[in-house]
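Counting begins at 1 with the first residue of the sequence.
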Amino acid sequence: MDEYNESTKRRKVLQDRVAELCKTHLHLPAGKVEELYASLKKKNAEIYIQRSKQLSAAAPRTRLLAWSMTNLQIMVLADPSIHGTENVIRIMREIDFETPWPEDGLEFTTLWCRVVSLRCLEWKFQLRDFPQPLLDIRDCYICGQLIGAEQVSPRRAIRTVSLDLGEPFGTVTVERGMQPLKFYHDLSCEIQSYSYAFGPCWEPVIAQCDLSFDKIFPPSKDPSPRLPFWDKLRLLFHGRLTMVVQQLTVLLHASLDPYNTTEEMELTWHQVVMDWTNAKFLFRGDFNIFVRTASKYDDCKLLHFPNLKLIINMHWLCLADPNDHHNVIYCAPDKIPEYSINQVHDSFRAFRSQNVNLSIVLETKSTSNQSPTNSDIPVLSLYGSTLRWFENLKLILSGVTRPTRRGKIFDNVRPKKIQLSRHYKKVNLLMGLHKFQVCYWMSFAMQRGCELLGGRLSSSSEHTLSLVPIDDGLKHRPKAEWSIVYMNSELNDSEIWLKSALQDDPEKEAKSFRLPVEKCYCLSVAKVSYGRETVFPSRDHSSEKNKETPTHRLVVYDLKGAWTKSNRNVAFALFDSFMKSKQMKRNLSTEALKGFRKETNTTPLKRRNPEAPGTPPNAAVQSLQAASAIQDTPSPLTKLQSGHAANMLQQLIAEAENKNTLVFSDDLSSATRQQNLQGLQACQEDDVQHKNWQIALVNAQVLLKGCETKGYVILSAAKAEIVQRIHRPVWKDRTLVSKTTWVGTLECLQYYATVNADKNETLNENIRWLTVDNIQEKESTVISEIPQVPNMVGSGVSVGAVVSDTVGASIVGESAPIQVQRIVSRCKCEFFYVGYGTNSVDPAAVGELPPPPQEDVSPWDQRQTAVDAFTLMHHDLDVCTNSLQYAMLLDIVNNLLLYVEPHRKEACERLARMRFQLQLHSIEDQRRPIQNLQTQVRSTLSKLRRLEKETYLVHKTLMEDPSNTEIQSEMDHLEGLVYECKNQLNAQSEELDMMLSCYKESQLLATNRLATLRSDKPLTIVKANEIFFKHAQWRLTEADGQIGIADLVLSNFLYTKTSKSDDSVEHLLELGYLRMTNLLPNQIYKEVLCPTEIQSNMPVDHKRIVRVFCREKPPVGGISVKEHFEINVVPLTIGLTKKFYNTMMNFCFSDRAAETVETERNEEIDENSRGKKLRSSKRSRDSNFYVHIDDVEKMKERAEKNKLFIYIKIPEVPVRLSYKGNKEKNLEDIRDFSLVIPTLEYHNVTWTWLDLLMAIRSDSRKVILSQAIKQKLQIKRNIGSSDQNSTPDEEDLARLLFGSKHTTEARPARKSVSGVFKFGK
């Protein structure tokens, strides 16, 4: 059959070549084609004969199982002390002391006891012609007592056998006992090497061996179901076996090839002592796990357990005593008891195990009394490739083996044997490690990785196995489901370090893996406690208690973390490597190019009824709504009366009936704003089913260090708690989905920062961690006695306090101690997150089904509740920083928290470029380039694996002979090839991922376009992010951190970001109150910035001092689109001095000279020369600040920063301005000038944010300067008449507050003013 298929393929190839010849040569010679086909026919016959001869010449496999023993010596000894019935029974009962002895005693047909001694140089079991032996024992010695006993068979255990002896004897009937021969042993064994191999690839051969052994050792004639092998061992073998093995190896095949010798997992015990007694195994020795693979990771030590003690206890669950094997009586087929007629007879019913409970104990101890060394602690070493290799091993070991010679054809219909892995009921695991180490590397080059150093680890858990039947109309074996009953773990004194190779550019991968490695501190904990307990549902009153009992409890004590530039680079590299490998595996799979189908999440309630094809899709939902309603269907008027409009109408009626008429206004106080936060509302609903996670952090602190500034910031919290709750399913888009919330609370949250930067600081050695007294909240106590001196030295617990244990100045010659200052005092922070599932929930699995949402009948009733939302709330913030700490905070936010990898930016740019390229091609034309690129990636990957293996082999040779220059040059050459191949593979993989992403995006756009043509979907909110804090007070200080510069007070800050289904985003920023106070001495103006006090009847919303709204549309051509941008500011009062201005500029820009600030401000005030100076300022900015780049990069940068503003509106803002220069009298001094920033509107402009700021500055400065100069001259002119008319009229007051637009026609210009200054319109 195979040869026929091959001949067909050859004929097809010939036909294709003939067709190509016909295209190039219009006229072929006569008979040429027939000659080619005749030659092919002859060649097929020759190939068939050749293959037939090869098949017959090959020697057939003649063996199924081979058992060989070399230099075998067996010695059997007998002695009067172990001979005789009484002596043998006495020894038997001593060996098998756990089995109850019958009161009436036992009689035996066979009973003997001997002392045996066996020596063997090699003992081997082999399957077929496989190169790997099944069992290989070297240098074996066994000695001890061995007893054989067979009980006297009772009457029902005697079967009759007819034997035909031939003439003249005829047929004779013989009685035979059915009781088995049992063995009692007390053996000791010493083995040099013990190796056992197993794998799914050998299971068919082992099944064939089992069938063959049934012909040699036929099964019992007892009609009972056959015993599994573990029950046979319990029945036939009793006693103790002690083994001392120098090397015990178990090989697990990780390949489906039975001839495999390279892809294996090796479990090895060194100098192990094994003691096997009744249902108990004890192992003690050094345990290692190796990975055997045909790559550079060959012989990789995955796990090392020195001095490991492993105890396995097995408790068999039987109907009777599991050790009572004496009462097991076989039954002949013709003597089945009468009570077994109506049921399946089982002679082993009481002895047969129903299940088994397993108890595993793992324990390690230090071999020396001193501190443990690296070779004395358990070590787990992981690589990225070994983790992927484990996934392949898991798939192979979890596969189901095909049946071997089973069924009616082979006359084998007995039921399938039970697997031991499905026979467990409970598994108890107890683990105790004195210390351990976990290392993870991205690759064998060991360039980036992490290390976990753990202290004492203790863990106890219980797991249960349940077999759940599958009812889907097909025949399945029950599904095995493991569940955790409880788990308690505790870890002490652990640290996490990040590792990276020392190189010039840390962000690039090094070529060589012989570079030294540095360690960076990342995280440490004093104690971690984890507890898990499964809460079973109940119908009594304890169900409410179960809601408050979390499934997972995690408590972390004294957490100390550090997030720096080096940690950031290593962490991002590890995460990027993991995502790239996962992405490559997904892109190279066969599922990558399958047709994209947008799944619509629908519940079974929305499916069509098969009996009524005309039923609309949501008829089931309507029927459920009708069933859930208590009253009949209300009329439209009733629906209107129950909506939001009815509430407004009732409110108006109540106000009309009230005699004391009050003015209604929307109260946007802090309490009202908190109620409107979506994340907070969703997390406070009373629909919680149970708590899933409860995470608590006690006395935690995290260090943050920027990239451009010296010093660091420490965040601390006395108590942090995070709770995950599972809620009842809710309706979203007419679909029942799951609901999960996360609620977090940080108590006593504080921020600390260094006061002075240390130039020679080393972060790993010079960190001043906070003590518990500085982290925890201080309780107010009455001072009854003088406190200790060090406590009196500190600055207290308020903001601005300095943490220091040193009194006075430091000793001469020593470096000054690091001073850490509290920049944010003890405050409270909360966050709320609600997430809704994407897949529909089956209503049948929900106990209490929520009623479906009512239909919207009016615009007031349109509300959306099931929205993914995140809310962050800060209550009272008390901040104190100097200029260095302010620069540190900005550096941390920009370079650590908001950092985006440059490679990711470049990838986004290439993705945008590829989108434009693929828009010119159809969807079908995009498949062929993707398939070609997939082939190239597979080829490059195989090339990289080959080069890595060669590099590993050369590296091992170089380690043996480091002075060999030829091997060194070859090593350098291979490292260069590996580096180039890796870069090529990464580039191809990224390009493939972008092509697949664009391919799926084009399919999705086509699907959405088709759906839009069919029916327009309403615009819905997809996600909402909210940030709110009630009150914040910020004190800006000098460099010492104590002398104040200014106080800034903010309250009711709210920022919301709403993402909608059409990829549009809305931003809203609101600020309830703002005040800035000048703390510099001898200043005429103390209030720098505050809202102007206005009357209540003026049309100004005094609850919001600042409001910024922005609506973004999806980007077009890579340019962000701002559909609506609006800024609203209430009237402000500004009192500024020159000294305060310079001080603030030095605070915000500490590296900027005061002369530069003075020059820039003079350029802004002097209108005659501002155009010239602005141009010079622009030239200096371009030459000094920006990096010199070519024109293409400038165009690219501008394209990224540009934004299309469709509509911008900034309403006018009245401002009362006061300014005082440095001297006693200055020309620019002004006092209570009323200025109006005009209304600005822009339409359809493409600007950057800087262009928008410059446009606002340019358009508003003309009006503001003209107003300032006019009022300056007007006030000087009216100095003499100010005493006569001190009270301003209403028109001047209105112009002062709202500008000239809200007053009557402007007064005639004064001649004195118009004669000196001229203003253009």
Side-chain angles (χ1 to χ4, degrees), residues 295-297 382-389 391 440-450 498-501 503-515 517 568-589 591-593 899-915 917-918 926 929-952 972-1001:
S295 68
K296 64 180 180 179
Y297 298 94
L382 296 173
Y383 298 91
S385 297
T386 54
L387 292 179
R388 294 189 293 270
W389 187 85
E391 293 181 1
Y440 173 78
W441 297 98
M442 288 173 50
S443 63
F444 187 79
M446 296 185 182
Q447 297 177 11
R448 293 186 179 94
C450 61
L498 298 179
K499 297 183 177 182
S500 61
Q503 49 187 335
D504 297 335
D505 190 356
E507 296 185 358
K508 291 185 178 181
E509 187 177 2
K511 295 183 180 180
S512 175
F513 53 79
R514 298 187 299 274
L515 297 175
V517 176
R568 179 201 68 188
N569 295 336
V570 177
F572 280 5
L574 293 175
F575 178 76
D576 189 55
S577 173
F578 172 76
M579 294 304 297
K580 281 184 178 179
S581 62
K582 190 175 180 180
Q583 163 189 310
M584 184 185 302
K585 181 180 178 181
R586 182 180 65 250
N587 294 339
L588 294 180
S589 65
E591 304 289 333
L593 276 176
Y899 174 75
V900 180
E901 290 184 277
H903 306 291
R904 193 162 296 184
K905 293 181 179 179
E906 297 175 1
C908 293
E909 296 173 2
R910 293 196 301 268
L911 180 61
R913 191 180 301 112
M914 186 172 291
R915 284 196 184 102
Q917 294 176 357
L918 295 180
Q926 298 177 16
I930 294 176
Q931 292 174 349
N932 295 337
L933 191 55
Q934 281 181 334
T935 305
Q936 295 179 12
V937 172
R938 294 189 184 101
S939 176
T940 308
L941 185 61
S942 62
K943 179 183 177 182
L944 178 62
R945 295 291 177 261
R946 178 179 57 82
L947 290 175
E948 287 178 344
K949 185 177 181 180
E950 294 179 0
T951 306
Y952 172 71
D972 296 338
H973 177 67
L974 285 175
E975 285 177 355
L977 293 179
V978 169
Y979 181 76
E980 294 176 0
C981 190
K982 277 188 177 181
N983 293 337
Q984 182 182 2
L985 180 63
N986 291 334
Q988 292 178 352
S989 179
E990 290 180 2
E991 185 179 0
L992 177 61
D993 184 68
M994 288 187 294
M995 293 180 70
L996 285 171
S997 177
C998 296
Y999 175 71
K1000 292 181 179 180
E1001 282 182 6

How long is the gap from [atom1] on [X] to [atom2] on [Y], to the nearest 0.5 Å?
X      : Y      : atom1 : atom2 : value
Arg938 : Leu933 : CZ    : CG    : 10.0 Å
Glu991 : Asn986 : CD    : CG    : 13.0 Å
Gln936 : Leu941 : CD    : CG    : 13.5 Å
Leu977 : Leu947 : CG    : CG    : 6.0 Å
Leu944 : Glu980 : CG    : CD    : 12.0 Å
Ser989 : Met584 : OG    : CE    : 4.0 Å

Between Pro929 and Met995, is any pair of side-chain heavy atoms under 4.5 Å apart? yes
Non-neighbouring partners of Gln934 that pass side-chain hydrogen bond (donor to acceptor under 3.5 Å, both in side chains), sequence neighbours left out
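Residues passing side-chain hydrogen bond (donor to acceptor under 3.5 Å, both in side chains) with Gln934: none at all.
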Residues passing the side-chain hydrogen bond (donor to acceptor under 3.5 Å, both in side chains) test with Glu950, sequence neighbours excluded, are Arg946
| Given the rule in the side-chain contact (heavy atoms from CB on, under 4.5 Å) test, do Leu588 and Leu992 qualify, once you have shown the distances and angles that lead to the verdict? | CA-CA 9 Å; Leu588 294 180; Leu992 177 61; 4.0 Å; yes
Return the minimal non-hydrogen interatomic distance between Tyr440 and Tyr383, and the atom names on each side.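 Nearest pair, atom of Tyr440 first, then Tyr383: CE1-C, 3.9 Å.
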### Query
Do you know which two heavy atoms are closest between Leu574 and Gly449, and how far apart they sit?
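For Leu574 versus Gly449, the nearest heavy atoms are CD2-CA, 4.0 Å.
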side-chain contact (heavy atoms from CB on, under 4.5 Å) evaluation trace for Glu975 with Tyr979 = CA-CA 6 Å; Glu975 285 177 355; Tyr979 181 76; over 6 Å; no
task = For Thr940, check side-chain contact (heavy atoms from CB on, under 4.5 Å) against everything at least two apart and list the hits.
result =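 Partners of Thr940 under the side-chain contact (heavy atoms from CB on, under 4.5 Å) test: Cys981, Gln984, Leu985, Gln988.
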